[in-house]
Amino acid sequence: MAHYSFLHYLVISLFLHNICIADHYTFTVKEVPYKKLCSTKKILTVNGQFPGPVLKVYKGDTIYVNVRNRASENITMHWHGVEQPRNPWSDGPEYITQCPIRPGSDFMYKVIFSIEDATVWWHAHSSWTRATVHGPIFVYPRPPKALPFPKPDHEVSLVLGEWWKKDVREVVELFTRTGGDPNVSDALTINGHPGFLYPCSKSDTFKLVVEKGKTYRIRMVNAAMNLILFFAIAKHSLTVVAADGHYTKPLNAAYITISPGQTLDALLHADQNPKRTYHMAARAYHSNPVINFNNSTTVGILHYNDDAKTSSSSKRYPNLPRYNDTRAAFSFFANIKSLYSGQVPVKLSRKIFTTVSINLLSCPNNSCEGPNGSRLAASMSNISFVTPSHVDILKAYYLHLKGVYGTRFPDFPPLFFNFTAQNQPMFLQTPRLATEVKKIEFGEAVEIVIQGTSLTGGGIDHPMHLHGFSFYVVGVGFGNFNASEDPSSYNLYDPPYRNTATVPINGWITIRFVADNPGVWFMHCHFDRHLTWGMNVVFIVKNGRAPNQQILPPPPDLPPCY
């Protein structure tokens with residue numbers, strides 16, 4: 001019996017060793033030079049890597065990540081899709097749950113995993129630093145728990161992103177100073193590689209070598225700053241098995257739609273002619289041509305490890321939907337279903353209806369670079385969120401500090417109108433500037449309808465991310481939400497369980513969740529230009545009565561505020 005126990009322990013130990021599970025990590029944030037698109041610039045990195053290192057954990061683990069800021073600007077770190085039960089102190093958004101880690105300082109993040117099953121990710125959450133400071137998190141089932149799909153032979157990280165020739169800080173400084181739209185990126189990337197379609201990038205192309213007959217688990221992250229992306233691999237279908245860290249019913253897909261902030265796990269079966277070379281590609285889905293966007297394509301290579309040489313004529317390119325194919329984009333989203341059924345909250349205790357809009361603010365002498373000399377802004381329920389600058393909201397809430405935020409974020413917008421009309425009156429385009437939060441009682445079953453509007457240029461899609469929770473996307477539609485008719489079409493059986501969901505252009509989504517995670521939790525558009533403009537809100541979930549329903553105490557090394 002003792003001999004069996006030893007062997008059992010040895011097998012588990014070898015298994016743990018083979019996938020390099022650790023509970024302590026060091027992230028050193030520093031600037032290093034990278035050459036892309038014919039020029040070299042310094043970028044922020046973690047441990048000198050772009051994308052950053054992969055973290056590997058088992059479901060339910062707690063890990064510690066010491067972030068050492070050795071750069072010349074502030075930094076914070078967010079563990080995107082990790083619910084962090086009772087632990088908002090390590091959630092990361094700057095001036096929401098912490099003050100930034102100053103240059104030369106350190107902060108130890110305690111990252112508590114709970115219900116996450118598949119791929120999530122980490123990224124910086126201070127200004128636009130996440131453009132290059134990001135990386136995947138691989139979550140594994142804890143032995144002896146098995147995967148709900150056939151175990152793949154290998155796994156591959158695939159991070160989609162954007163690259164600017166300019167220093168990203170300059171891009172942010174310019175559009176925040178002038179009030180106009182930010183400069184679009186110069187390239188899209190796959191695992192940091194632009195691909196051979198861009199100048200000086202023939203050797204800077206991502207290559208995936210596969211073996212005939214093997215199955216590969218693609219762990220995909222959309223780390224792009226402002227783009228929803230289509231992705232496909234020529235002649236190969238992908239079987240989606242997880243989204244945003246949660247298992248889904250298997251979905252065979254010829255192409256993928258993935259919004260900024262979202263993750264997908266997909267099985268790739270290497271079942272094609274090994275003597276041929278195949279390309280993977282990603283390009284933007286963009287629904288409003290009035291708004292500038294990067295319409296280029298990043299390409300990678302899938303190559304079988306066959307000894308036979310391939311010729312250029314044997315290369316295969318994938319078919320991607322057109323950039324403005326809204327039907328294709330949302331058909332993919334709609335086909336994702338939760339693996340588990342019967343989990344959706346049905347008896348609701350709180351209903352919220354909110355709008356998401358692009359807005360305009362007036363400038364002296366019409367001196368800004370937005371439409372008609374105005375400044376571009378964004379809002380939820382006509383409130384353009386103003387981020388505090390001296391103390392974070394979590395600390396103010398925990399210590400009962402006055403004057404940092406208000407509590408008047410409404411359950412309904414201040415004015416109902418035809419949200420998706422083609423021509424909107426000018427007076428609707430000016431939001432109220434404020435730092436407003438919404439307080440929610442512990443344990444409430446919450447439904448939020450998020451309605452897009454056509455203000456300021458006709459609207460666009462909005463990938464909305466909620467910190468601290470995953471939620472069920474029970475409904476989606478185009479046009480104005482109809483409270484008497486649209487709920488009859490809700491999927492309350494197996495809707496996707498996500499942390500980031502996309503509101504369609506001039507349309508709406510409905511999400512539901514149980515507010516069982518006390519703390520201060522950020523909700524925002526994951527287009528970073530919209531986040532910068534104020535398309536944000538903060539939810540404060542109050543403590544419950546039991547000790548395990550209350551916020552954990554703050555860590556001793558929390559970065560100070562000034």
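Positions are given from 1 along the sequence. Just so we're clear, the structure is a prediction, and the values are computed from it rather than from any experiment.
Enclosure of atom NZ in Lys145 is not indicated, since only 12 or fewer non-hydrogen atoms of other residues, nucleotides or ligands lie within 6.0 angstrom. Taking a 6.0 Å sphere around CG of Asn66, one finds it holds more than 12 heavy atoms contributed by other residues, nucleotides or ligands.
Side chains of His526 and Thr500: a donor-acceptor N/O pair is absent below 3.5 angstrom, by distance only. Between the side chains of Asn324 and Ser287, not a single donor N or O lies within less than 3.5 Å of an accepting N or O. Between Ser470 and Asn499, the side chains place no donor N or O within less than 3.5 Å of an acceptor N or O (distance only, hydrogens not considered). Between the side chains of Asp91 and His467, at least one donor-acceptor pair of N or O atoms lies under 3.5 Å. Judged purely by distance below 3.5 Å, without hydrogens or angles, the side chains of Ser259 and Thr502 pair a donor atom with an acceptor atom. Of the N and O atoms on the side chains of Thr28 and Arg68, at least one donor lies less than 3.5 Å from an acceptor on the other residue.
Between Val67 and Val29, the closest side-chain pair of non-hydrogen atoms falls below 4.5 Å. For the pair Trp79/Gln84, a side-chain contact is recorded, criterion being any heavy-atom separation below 4.5 Å from C-beta on. The shortest distance between side-chain heavy atoms of Leu55 and Tyr25 falls below 4.5 Å.
Listed by chain and residue number, Glu447 satisfy the salt bridge (charged side-chain N to carboxylate O under 4.0 Å, His left out) test with Arg512 (two or more places apart in sequence, or in another chain). Residues meeting the salt bridge (charged side-chain N to carboxylate O under 4.0 Å, His left out) test with Asp186, sequence neighbours left out: none. For Thr297, the side-chain hydrogen bond (donor to acceptor under 3.5 Å, both in side chains) test picks out no residue, with sequence neighbours left out. Considering only residues two or more places apart in sequence or on other chains, His462 meets the ring-ring contact (aromatic ring centres under 6.0 Å, His included) condition with His530. Every residue two or more places apart in sequence or in another chain was checked for a side-chain hydrogen bond (donor to acceptor under 3.5 Å, both in side chains) with Ser127, and none qualifies. Among residues two or more places apart in sequence or in another chain, the salt bridge (charged side-chain N to carboxylate O under 4.0 Å, His left out) test is passed with Asp167 by Arg169. Qualifying ring-ring contact (aromatic ring centres under 6.0 Å, His included) partners for Phe107, counting only residues two or more places apart in sequence or in other chains: Tyr109. For Tyr216, the ring-ring contact (aromatic ring centres under 6.0 Å, His included) criterion is met by His154, not counting sequence neighbours. With sequence neighbours excluded, no residue satisfies side-chain hydrogen bond (donor to acceptor under 3.5 Å, both in side chains) with Asp181. For Tyr323, the ring-ring contact (aromatic ring centres under 6.0 Å, His included) criterion is met by Phe293, not counting sequence neighbours. Scanning for side-chain hydrogen bond (donor to acceptor under 3.5 Å, both in side chains) contacts around Ser296 gives Tyr198, Asn294, with sequence neighbours left out. Lys249 pairs by the salt bridge (charged side-chain N to carboxylate O under 4.0 Å, His left out) definition with Asp494, not counting sequence neighbours.
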**OP:** Would you sort out whether Ser126 and Asn74 count as a side-chain hydrogen bond (donor to acceptor under 3.5 Å, both in side chains), showing the intermediate values?
**Re:** CA-CA 7 Å; Ser126 177; Asn74 295 337; 5.7 Å; no

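Judged purely by atom type and a 3.5 angstrom limit, Thr354 has no side-chain atom pairing as donor or acceptor with the backbone of Ile450.
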